[in-house]
There are 2 protein chains.
Amino acid sequence: MTTINDIAKRANVSRTTVSRALNNSGYVSEDARKRIMKIVEETGYMPNQSAKSLRTKRSGVIGVILPRLSTETSTRVVNGINEVLAKEGFQILLTDTELDSKKEIEYIRLLKSRHVDGIILLATNVNDELIQTIRDVDLPFLAIGQDLPEVTSLVYDDYHASADLTNMLIHKGHHKIAFIGVSREDPSVGVKREQAFRDVMEREGGVVQDHWMGTGDFSIDSGYEEMKKILRASGKNRPSAVYAVTDRMAIGAMEYLKEQGYRIPEDMAVVGIGASSMSQYVSPSLTTIDYFNKKAGQQAAELLLAKLKNEKLEQKFELTYRLILRDSV
Amino acid sequence: MTTINDIAKRANVSRTTVSRALNNSGYVSEDARKRIMKIVEETGYMPNQSAKSLRTKRSGVIGVILPRLSTETSTRVVNGINEVLAKEGFQILLTDTELDSKKEIEYIRLLKSRHVDGIILLATNVNDELIQTIRDVDLPFLAIGQDLPEVTSLVYDDYHASADLTNMLIHKGHHKIAFIGVSREDPSVGVKREQAFRDVMEREGGVVQDHWMGTGDFSIDSGYEEMKKILRASGKNRPSAVYAVTDRMAIGAMEYLKEQGYRIPEDMAVVGIGASSMSQYVSPSLTTIDYFNKKAGQQAAELLLAKLKNEKLEQKFELTYRLILRDSV
DNA sequence: CATTGGCATGTAATCGATTACACATTTCAT
DNA sequence: ATGAAATGTGTAATCGATTACATGCCAATG
């Protein structure tokens, strides 16, 4: 591997001058610069980033922590992040917690030791140890998806999105609505979306029954199973609509309904959240909410870049959403 | 930030001993080890990876180069890679070429300068400069998806998969088959899949017509558009089946067909390749080929790890596939 | 008792860059 | 003409780890 010393020798200058030429810092004569650049071209020299990073404390790498690598939401967010960061010459160091909140903390510290310049966390839960760790590592930090105290957070407006969706169902004449949620450990998806649903139902005189409330695990299968449970438990007194807090679970629910001969939306309306690409192509196409995940990723990256430039930021940013009305309602 | 020197001071030993304790190399007394570990615990010390990597030439990071970050195929492969690497304590440095083959080369060199221990490339094309660059950087290297000369490659058996799919259509009674492919610059998807299609059609007496052959760009929209073109060009002499080389294009084609009132599969059978999650939930469900992408990622990671341990490997590995018969045929 | 070898630790070089500081030369304003 | 400022380059310290080599101690061996 060629080093800066090799370049220096071949160009008959000291490595200081080479460094200056490469980084456009300090004075370098036109003559020396040309000689150096020519040799750099010829050899394909690239500075050793470990050495550089050791000395400068900056690495040009941003750590990204995902709850799951294989969901559409994550992918879209990462895509947005990458689009912005790549343009600025940053690389992404990717980690996947597999929904394990211990790993979240472990990875934050690991990324710190790897000298990343900043961290973007796709958060799924909130706890004190996490907050403490983020404070400890003292790095430019950005959270997406949950409102972490004392951390710059980009949050989806889960409450109002969910409220809008519920309202829409009610105004289409549905008063008996089943609900498929997820664990309460997820404040955004598990708590806020359900809370808004309950609030609107109460306010608008909707009917909420315990056995119409299911709890899935984000998977298509769990949507299917929860739908099955709900229908079995309801007997004659059936809901006329089902609201699943994610598209995948909504699609699972649709599968079961279709299998059982229900017509959608005539016999049962179905809605989800997430605007997954699937939602558009299932039959009937699924009414859902678009959270503009890619945009969120881009914005997160931009905010992080601003932080790197020491700009002071607000602490909380609300993201927008959009209701997509399709044929399942 | 606490360094190895801080630990050494506080434990009353030299940093050499701390290093030995941390890496389990050389002799360290039980006493010293305990003192050191206690302080490491207390301070949450983590070795500076840049320094470590500068000295040892190893970083514990594997570079992964993707053609697109946002496709299901990429995601699944990365997922497989990550599963295996994370277990061994490796991190992934992710890059996205946005299908630009210049960036492929640029990123390979960039990753080298970042001291990655190895590179996995999800390849989409083959050219001399790429091969040369791979040779130049002289790193443990693994390609997935294209057969790169002199590089350990994991390749999908595109030819036989495509042949099987075509054969299946013919044995279901389809002799007039439209084909939606992609650019020939992609040897696997663009060339092999089409070649197999043509070979089988010829061998089995199928009918191939130029205006039944479309060329899309992997997107759902292009599938839709190519289908439209094909139907418009065919007039009364229509094919009875359409074979799109990716699920997304097949789904686009289905959209158009449904819009035009065709029944699938009665009026027109449709098949794709990729076993995307969507393929299962569109109506009718799509007949396709599963390439086990995640498995491919895992295997790639395992092979790369073997390379890191200096094991000699074969150069070419064929991956298996599976035909999934569903309702669209 | 002298020698050998295992154990424990430390000294200092090293990896490849950046950068504070020093020094020399040239340019420029007064 | 002269001192100040601008320009160009080099020396050597530094970042935080690993590791070759040296040293000292102690027990075992013959």
Side-chain angles (χ1 to χ4, degrees), chain A residues 1-37 39-40 43-61 89 109-117 137 139, chain B residues 1-37 39-40 43-61 89 109-117 137 139:
Chain A
M1 204 51 197
T2 73
T3 74
I4 196 173
N5 283 307
D6 302 335
I7 306 292
K9 237 172 262 169
R10 292 191 45 178
N12 258 313
V13 293
S14 74
R15 65 167 168 278
T16 312
T17 306
V18 177
S19 175
R20 278 194 277 253
L22 258 43
N23 296 294
N24 286 316
S25 58
Y27 297 109
V28 179
S29 65
E30 208 35 55
D31 186 44
R33 166 169 272 118
K34 262 192 200 138
R35 248 181 308 142
I36 290 167
M37 287 314 186
I39 295 172
V40 166
T43 56
Y45 163 77
M46 297 201 78
N48 179 320
Q49 291 294 328
S50 301
K52 189 165 183 158
S53 156
L54 173 61
R55 184 64 227 247
T56 61
K57 313 269 178 218
R58 326 186 75 257
S59 61
V61 175
R109 293 167 28 65
L110 186 74
L111 289 171
K112 167 93 178 183
S113 83
R114 287 204 185 281
H115 261 182
V116 298
D117 294 338
V137 296
L139 275 175
Chain B
M1 204 52 198
T2 72
T3 74
I4 197 174
N5 283 307
D6 304 334
I7 306 291
K9 239 173 259 168
R10 291 189 46 178
N12 259 312
V13 292
S14 74
R15 66 167 169 280
T16 313
T17 305
V18 176
S19 175
R20 278 194 276 252
L22 257 43
N23 296 294
N24 287 313
S25 58
Y27 297 111
V28 179
S29 64
E30 210 34 54
D31 186 44
R33 167 167 273 119
K34 262 190 200 140
R35 247 181 309 143
I36 292 168
M37 287 313 184
I39 295 171
V40 167
T43 55
Y45 163 76
M46 297 200 79
N48 179 320
Q49 291 294 329
S50 302
K52 190 164 181 159
S53 156
L54 173 59
R55 184 63 228 249
T56 61
K57 312 276 180 209
R58 325 186 77 255
S59 61
V61 174
R109 290 165 32 66
L110 186 74
L111 288 172
K112 165 94 178 182
S113 84
R114 286 202 186 282
H115 262 182
V116 298
D117 294 338
V137 295
L139 274 174

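Per chain, numbering begins at 1; letters A, B, ... match sequence-line order. Values in this document were obtained by computation on a predicted structure and should not be read as measured data.
For the pair A:A21 and A:I36, the tightest heavy-atom approach, listed with the atom from each and the gap, is CB-CD1, 3.9 Å.
In this structure, the side chains of B:N48 and B:M1 stay at 4.5 Å or more apart for every pair of heavy atoms.
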**OP:** Give the B/S/- string for nucleotides 15-23 of chain C, one per nucleotide from 5' to 3', where a protein heavy atom under 4.0 Å of the base yields B, of only the sugar-phosphate yields S, and otherwise -.
**Re:** BBBBBB---

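For A:M37, the side-chain contact (heavy atoms from CB on, under 4.5 Å) partners at least two apart in sequence or on another chain are A:L22, A:R33. With sequence neighbours excluded, the residues satisfying side-chain contact (heavy atoms from CB on, under 4.5 Å) with B:M46 are A:R109, A:L110, A:S113. Taking the side-chain contact (heavy atoms from CB on, under 4.5 Å) definition, one finds that A:S53 meets it with A:S59, A:H115, B:S50, sequence neighbours left out.
For residues 50-60 of chain B, there are no salt bridge (charged side-chain N to carboxylate O under 4.0 Å, His left out) pairs, not counting sequence neighbours. The salt bridge (charged side-chain N to carboxylate O under 4.0 Å, His left out) analysis of residues 17-32 of chain A, with sequence neighbours excluded, yields the pairs A:D31-A:R35.
Recorded end-axis angle for the helix from C:dC1-D:dG30 to C:dT30-D:dA1 stands at 40°, based on five pairs per end and rounded to 10 degrees.
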Could you list the donor-acceptor pairs under 3.5 angstrom formed between side-chain atoms of residues 4-11 of chain B and any protein atom two or more places apart in sequence or on another chain?
unit_1, atom_1, unit_2, atom_2, d
B:N5, OD1, B:R15, NH1, 3.0
B:D6, OD2, B:T3, N, 2.8
B:R10, NH2, B:E42, OE1, 3.1

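Here the OG1 atom belonging to A:T56 is positioned 8.0 Å from the CG atom belonging to A:D117, to the nearest 0.5 angstrom.
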So which protein N/O to nucleotides 6-8 of chain C N/O distances come out below 3.5 Å?
unit_1, atom_1, unit_2, atom_2, d
C:dC7, OP2, B:Y27, OH, 2.7

